[in-house]
J.: 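My questions all concern the structure below.
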2 protein chains.
Amino acid sequence: MIGIDWGTSSLRAYRFAADGGIADRRDTAGGILTVPPGGFPDALRAVAGGWIADGETQVLMCGMVGSRQGWVEAPYLPCPAGLDGLAAAAIRVPFDGADVRLLPGLSCRDRHGVPEVMRGEETQLLGAIAAGEAEATACLPGSHSKWARLAGGRVTGFTTHFTGEAFAALSGHTILARMMDPAAPDHAGAFARGVARAKQGGGLLHHLFGLRAASLFGEIAEAEAASFLSGLLIGHEVAAALEDGVAPPIVLIGSDALTARYAAALDAFGVPHRAAGPDAAARGLSLIAERLP
Amino acid sequence: MIGIDWGTSSLRAYRFAADGGIADRRDTAGGILTVPPGGFPDALRAVAGGWIADGETQVLMCGMVGSRQGWVEAPYLPCPAGLDGLAAAAIRVPFDGADVRLLPGLSCRDRHGVPEVMRGEETQLLGAIAAGEAEATACLPGSHSKWARLAGGRVTGFTTHFTGEAFAALSGHTILARMMDPAAPDHAGAFARGVARAKQGGGLLHHLFGLRAASLFGEIAEAEAASFLSGLLIGHEVAAALEDGVAPPIVLIGSDALTARYAAALDAFGVPHRAAGPDAAARGLSLIAERLP
């Protein structure tokens, strides 16, 4: 069986052994934005054709490949949702030589009725649940960071923050861009100062101008400003999530570089956290595949 | 006497009559960003040379023309500051044919010690004070919105929010750009929904993603999204300013289009407000000029 986490800007493919372990893997930058119209079958052949020729007959995919901009749109499955629900909602796509299916993403509503969506993270969450996080809050940092509630083996709801996209837009397309060196390495002290600033009153929009003014007064260096901004935004995200009532401990799922930042921010708020095991998405894909109808 | 409010992207010049009234005025798009290096004297001649040839001998300028990127840098004057302090801090710049002076901007620190700066707004604030707003909170909407405390005839302190710049970056350089029509006219209902959303918990970063998700679910139209985003950001600004302890009534100073949005947001928060009289900057320049040493 082949599992693929096919996102906007990257693709991760796994070939599974009979015992569910990972026999082989490929990471590419071939996200859905790189696929021309009608090009998804060819893109799948390019990454997994060899495994299919070698005898694999089942391909299960998750992520933005199931969005309106992907191969075929797989409508969102409402929370709460678990392995069986996702397996039942997978949709087949036409393909020669293998049984290819797309997983839907998940949707829910926040307490005020505003919609929430995810695509791909649900598979990581179910993998983390299977690895022992049956009752927890999971945080998946990213362009659109997710805070998900896991209970009874299912994802019961989640909240998204626009943190990564806000960082890119504010650091690249405002006057702040002139006062920061985007090539500077991470600066832990400046990140911590940004988190500490987020814990003060005044609001994010006020804190953003304070970064500009601090630069005018020589109170923050170009090499520190991007890390400070990252800490400020992540700090505001964590503060809002905590006010929203997330229950620790927090399970962090994602790249080491990004989860390390969230771990530092959670430390600053005094909130216990731990890292999920590796390859949560692969584990989720494998477990869902076992349940396909 | 000639007064000039010379900002980043625009220039407003006033010729005053002997009684302090406005005898003539010129508005141009010739902000400091349009002036080549060493070009400020020529730019001044272009806008006010005729008035100088006609006998005016005094020119007083405020705004970004006194910044590091302007004609000559006039260091910030710390708050509290009034007419006499600003007049005393004006600096002369070399110019043939008239006594030309630049006003400094103002600086202060917020309650956590983070610096604040303004350039140009101080002149509007002192004009508003002279027009009767001796004890008030003034709000000047813009790219960098200012909330200033006026007491005893002086500006005693102020707080800045990055609202206008954040709107431009988020609406133009994130995935939100794909779901909004920037040419759509203002939509009062969508603006009001954005303000109402800001009053809910969850944080600005969460609310930004909610706008994206609402679009995916067809719950907000392209023609409404920009107005919703404007209401969301202004609502967060107003909420933060109120938490910061600003004392109503709020005096709104600025263009009719922008102050109307803030008036609607303040109404939604139940906070009394009123509009400052017109030409606050001209009044401030005229009064400061009378006090020049």
Side-chain angles (χ1 to χ4, degrees), chain A residues 8 67-68 76 107 109-118 143-147 159-166 168-177 196-197 200-217 219 233-234 236-241 243-245, chain B residues 8 67-68 76 107 109-118 143-147 159-166 168-177 196-197 200-217 219 233-234 236-241 243-245:
Chain A
T8 302
S67 72
R68 212 167 295 172
Y76 292 102
S107 64
R109 300 242 167 207
D110 77 6
R111 70 179 64 177
H112 302 288
V114 175
E116 284 281 2
V117 292
M118 64 167 60
S143 290
H144 302 163
S145 295
K146 307 290 183 188
W147 293 72
T159 305
T160 308
H161 297 258
F162 206 62
T163 310
E165 274 224 65
L170 294 166
S171 64
H173 298 282
T174 70
I175 200 167
L176 299 177
R197 178 66 166 153
Q200 297 174 349
L204 175 54
L205 295 168
H206 170 54
H207 294 167
L208 289 171
F209 184 79
L211 177 53
R212 162 67 178 157
S215 167
L216 278 176
F217 279 67
E219 295 178 13
L233 292 170
I234 291 173
H236 273 277
E237 176 187 335
V238 170
E243 279 174 25
D244 205 38
Chain B
T8 301
S67 73
R68 213 167 294 171
Y76 293 103
S107 64
R109 300 242 166 208
D110 77 6
R111 70 178 65 176
H112 302 288
V114 175
E116 285 280 3
V117 292
M118 65 166 60
S143 290
H144 302 162
S145 296
K146 307 291 182 186
W147 294 72
T159 305
T160 308
H161 297 259
F162 206 61
T163 311
E165 274 224 65
L170 294 166
S171 64
H173 299 281
T174 70
I175 200 167
L176 299 178
R197 179 66 166 153
Q200 298 174 347
L204 174 55
L205 295 167
H206 170 55
H207 294 167
L208 289 171
F209 185 79
L211 176 53
R212 162 68 178 157
S215 166
L216 279 176
F217 279 66
E219 296 178 11
L233 292 171
I234 291 172
H236 273 277
E237 175 188 335
V238 169
E243 280 173 26
D244 205 38

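None of these values were measured; they are calculated from a predicted model.
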J.: Does the side chain of A:Leu170 come within less than 4.5 Å of B:Phe162's, by heavy atoms?
T.: yes

J.: If you take all heavy atoms of A:Ala213 and B:Pro115, which pair is closest and at what distance?
T.: CB-O, 3.2 Å

J.: Measure the spacing between NE2 of A:His173 and OG1 of B:Thr174 and express it to the nearest 0.5 Å.
T.: 10.0 Å

J.: Is it true that a side-chain atom of B:Glu243 and a backbone atom of A:Gly201 form a donor plus acceptor pair closer than 3.5 Å?
T.: no

J.: Name the region of B:Arg197, side chain, backbone, both or neither, that has any atom closer than 4.5 Å to a heavy atom of chain A.
T.: side chain

J.: Counting only non-hydrogen atoms closer than 4.5 Å, does B:Val114 touch chain A with its backbone (N, CA, C, O), its side chain (CB onward), both, or neither?
T.: side chain

J.: Does any backbone or side-chain atom of B:Ile175 lie under 4.5 Å from a heavy atom of chain A? Answer side chain, backbone, both or neither.
T.: both

J.: Could you tell me which portion of B:Leu204 (side chain, backbone, both or neither) has an atom closer than 4.5 angstrom to a non-hydrogen atom of chain A?
T.: side chain

J.: Restricting to non-hydrogen atoms, name the atom on A:Leu205 and the atom on B:Glu237 that form the minimum distance, rounded to 0.1 Å.
T.: CD1-N, 4.1 Å

J.: Is A:Arg68 in contact with chain B via its backbone, its side chain, both, or neither, using a 4.5 Å heavy-atom distance?
T.: side chain

J.: Need one label for A:Leu216: side chain, backbone, both or neither, based on atoms under 4.5 Å from any heavy atom in chain B.
T.: both

J.: Does A:Thr160 offer a backbone N or O that forms a donor-acceptor pair with the side chain of B:His206 under 3.5 Å?
T.: yes

J.: Just say parallel, tilted or perpendicular for the rings of A:Phe217 and B:Tyr76, cut-offs at 30° and 60°.
T.: parallel

J.: Please determine, among A:His236, A:Glu219, A:Arg212, the option with the most heavy-atom pairs under 4.5 Å with chain B.
T.: A:Glu219

J.: Does any heavy atom of chain A fall under 4.5 Å from the side chain of B:Ser143, the backbone, both, or neither of them?
T.: neither

